[in-house]
Trainee: 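Take a look at the following structure, please.
Numbering starts at 1 and runs along the sequence shown. When a ligand or atom number is given, it counts from 1 through the structure's own listing order. Values in this document were obtained by computation on a predicted structure and should not be read as measured data.
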Amino acid sequence: MTALFPTYKRFNLIVEQASGTTVEDTDGQSYLDFGAGIGVCSLGHRHPAVQEKLETQLNAYWHVSNLYHNPIQEKVADLLTRYSTGDQVFFCSSGTEANEAAIKLARKATGKHKIISFNQSFHGRTFGTMGATGQEKIHTGFGPMLETFQYVPFNDSDALKQAVDGETAAVMLEMIQGEGGINIADYDFIQQLADVCRKNHVLIIVDEVQTGIGRTGKPFAYQHYGISPDIITSAKGLADGVPVGAMIATEALRDSFGPGSHGATFGGNPLAMAAAEAVLEHAFRENFLQEVTEKGHYLMEQLNKAIGQLPVVSSIRGKGLMIGIDCNRNVSYLVESLIEKGLLVLSAGPHTIRLLPPLIVSREEIDLAVDLLHDVLTDEKAPIS
Ligand SMILES: *Cc1c(COP(=O)(O)O)cnc(C)c1O
């Protein structure tokens, strides 16, 4: 018996210590980390620049309420808006809260109540964002979802056009569905989405909780598509492991979130802001993003060469350092075998192995990971289910 709720199915691993791309367990075994938490440790574990800013902040103060001015929040907000279409930021402590803020803002600013999201999407676990999530398994057992949300097949512009009506406040989407299986939005679909939204005065909310902060080789993944979202949400990789969330929105939406309209006690916590500042100063540099793009190409190329032809692999997809390997069987045994061999990976749905290495990963580490993947995926013992 454990004193914890059994909400997570846990692998048999206890971390003792972690640094960069390496995690060490309590038995002294080390692992190459190609999950980075779940895309959280964007600059690797305990990046020195982040650690330094955190230590400085630890010695100054840990909390200040949002009743007072906060220059570190201003700095991070300035960086987030400089590298996106947004003009101001609301800070909170997680992805689900950032999306919750986006949903409330869209409804308040438009005076309309309907929000369209997509099948296989994932937007979080609060009652609101669970409703935004287009996956039956997330809803099961919780009774009727909020009526606000309507789900449409991803990459289906006809279905989207049919769903939009006079009550539609916003369309909410991930540019690459992360939890849903690494499904990449088609370029044409996004152009049509932007067009139908503009014509119907419907806001675009892009959930960049997993895809943002350089993960795909751009500050935010929507920037591959040339669109201008009204609202962008961020979290996971934003503070290299310190809990944080952010909702970034355009100037036109500023006054809808006036004093008293929304808030979060822990939002913009100084420790989180110190870490986020260090992350953004690193991750948004042009040559850093270029490296992510090149390493992403390299990883994809090596994967295609080493495992692309294996009978167990049905497709390999991704952008930058966000990659899914579709398999013709349930991947839980494979993920477990990879962990035993010393490579931490994730899954995304039952049939996809998901790779989200820290953005600082080296080519040598990519080679090592690809070798381990090859070893495990050629192992005939993996059960088909
Ligand atoms: C993880 C995730 C969330 C939820 O973030 P939490 O910090 O767990 O609340 C929302 N949207 C996407 C796309 C995610 O990947």
Side-chain angles (χ1 to χ4, degrees), residues 5 7-9 35-42 84 90-106 115-135 137-139 149 151 154 170-185 190 204-216 218-222 224 229 231-248 264 266-269 272 275-276 279 317-324 345-349 352 354-357 359:
F5 260 109
T7 42
Y8 309 103
K9 188 165 172 274
I38 303 178
V40 168
C41 298
S42 48
S84 72
F90 173 83
F91 286 112
C92 47
S93 306
S94 66
T96 200
E97 269 181 277
N99 287 332
E100 199 70 39
I103 292 162
K104 283 179 69 175
L105 179 61
I115 292 176
I116 296 174
S117 68
F118 294 91
N119 294 345
Q120 296 310 117
S121 61
F122 184 82
H123 299 297
R125 299 281 198 166
T126 59
F127 193 60
T129 62
M130 167 176 71
T133 295
Q135 295 191 55
K137 67 172 192 203
I138 307 284
H139 302 164
F149 300 101
Y151 317 114
F154 197 47
V171 173
M172 183 170 193
L173 79 158
E174 299 153 88
M175 306 313 294
I176 304 176
Q177 293 183 329
E179 304 300 310
I182 313 293
N183 308 315
I184 306 173
I190 296 300
I204 301 177
I205 303 171
V206 179
D207 178 346
E208 295 264 8
V209 168
Q210 193 162 151
T211 49
I213 319 299
R215 174 59 54 191
T216 69
K218 300 262 189 202
F220 297 98
Y222 78 80
H224 293 284
I231 302 176
I232 303 150
T233 57
S234 178
K236 289 193 167 92
L238 175 54
D240 204 27
V242 182
V244 71
M247 180 200 61
I248 312 157
F266 287 122
N269 169 273
V279 167
R317 295 183 299 272
K319 228 182 192 92
L321 290 170
M322 179 169 186
I323 288 178
V345 298
L346 304 160
S347 56
T352 309
R354 173 172 42 158
L355 307 181
L356 298 172
L359 307 180

Trainee: Is it the case that the side chain of Glu208 and the backbone of Tyr222 share a donor-acceptor pair, with hydrogens and angles ignored and the cut-off at 3.5 Å?
Mentor: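 Judged by distance alone, yes, a pair lies under 3.5 Å.
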Trainee: Below the 3.5 angstrom mark, is there an N/O of Ala235, backbone or side chain, next to an N/O of ligand 1?
Mentor: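 So ligand 1 has no N or O lying under 3.5 Å from an N or O of Ala235.
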Trainee: Between Asp207 and ligand 1, is there a nitrogen or oxygen pair with a distance under 3.5 Å?
Mentor: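 Yes; at least one N/O pair falls below 3.5 Å.
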Trainee: Short list, please: which atoms of ligand 1 are under 4.0 Å from a heavy atom of Ser94?
Mentor: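 This gives 7 (O), 9 (O) as the contact atoms.
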Trainee: Short question: side chain of Gln210, backbone of Gly39 - any donor-acceptor pair under 3.5 Å?
Mentor: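 It does not hold such a pair.
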Trainee: Which of the numbered atoms in ligand 1 are under 4.0 angstrom from any heavy atom belonging to Thr96?
Mentor: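 By the 4.0 Å cutoff, the relevant atoms are 4 (C), 5 (O), 6 (P), 9 (O).
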Trainee: Using a 3.5 Å distance criterion without hydrogens, assess whether the side chain of Asp240 forms a donor-acceptor pair with backbone atoms of Ser42.
Mentor: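 Between the backbone of Ser42 and the side chain of Asp240 there is a qualifying donor-acceptor contact (under 3.5 Å).
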Trainee: Measuring from atom 5 (O) of ligand 1, which candidate in Gly124, Gly95, Ser121, Gly180 has the nearest non-hydrogen atom?
Mentor: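 That would be Gly95.
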Trainee: Taking the side chain as every heavy atom from C-beta outward, state whether Phe220 and Ile248 have any atom pair closer than 4.5 Å.
Mentor: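 Answer yes - side chains close enough.
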Trainee: Relative to the heavy atoms of Glu174, which atoms of ligand 1 are at a distance of less than 4.0 Å?
Mentor: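 Here the atoms of ligand 1 in question are 13 (C).
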Trainee: Scan Ile138, Thr133, Ile38, Leu346 and name whichever one has a side chain to side chain contact (heavy atoms under 4.5 Å, CB included) with Glu179.
Mentor: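 Per the side chain to side chain contact (heavy atoms under 4.5 Å, CB included) rule, the option paired with Glu179 is Ile38, out of Ile138, Thr133, Ile38, Leu346.
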Trainee: With Met172 as reference, evaluate Thr129, Ile116, Asn99, Ile204 under the side chain to side chain contact (heavy atoms under 4.5 Å, CB included) test and give the passing residue.
Mentor: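 Exactly one option meets the side chain to side chain contact (heavy atoms under 4.5 Å, CB included) with Met172, and it is Asn99.
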Trainee: Please could you name the atoms of ligand 1 that Asn99 approaches to less than 4.0 Å, counting only its heavy atoms?
Mentor: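 Once the distances to Asn99 are compared, the set is 10 (C), 11 (N).
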Trainee: Which atoms from ligand 1 have a heavy atom of Lys236 less than 4.0 Å away?
Mentor: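 Taking each heavy atom of Lys236 in turn, ligand 1 has 1 (C), 2 (C), 3 (C), 14 (C), 15 (O) under 4.0 Å.
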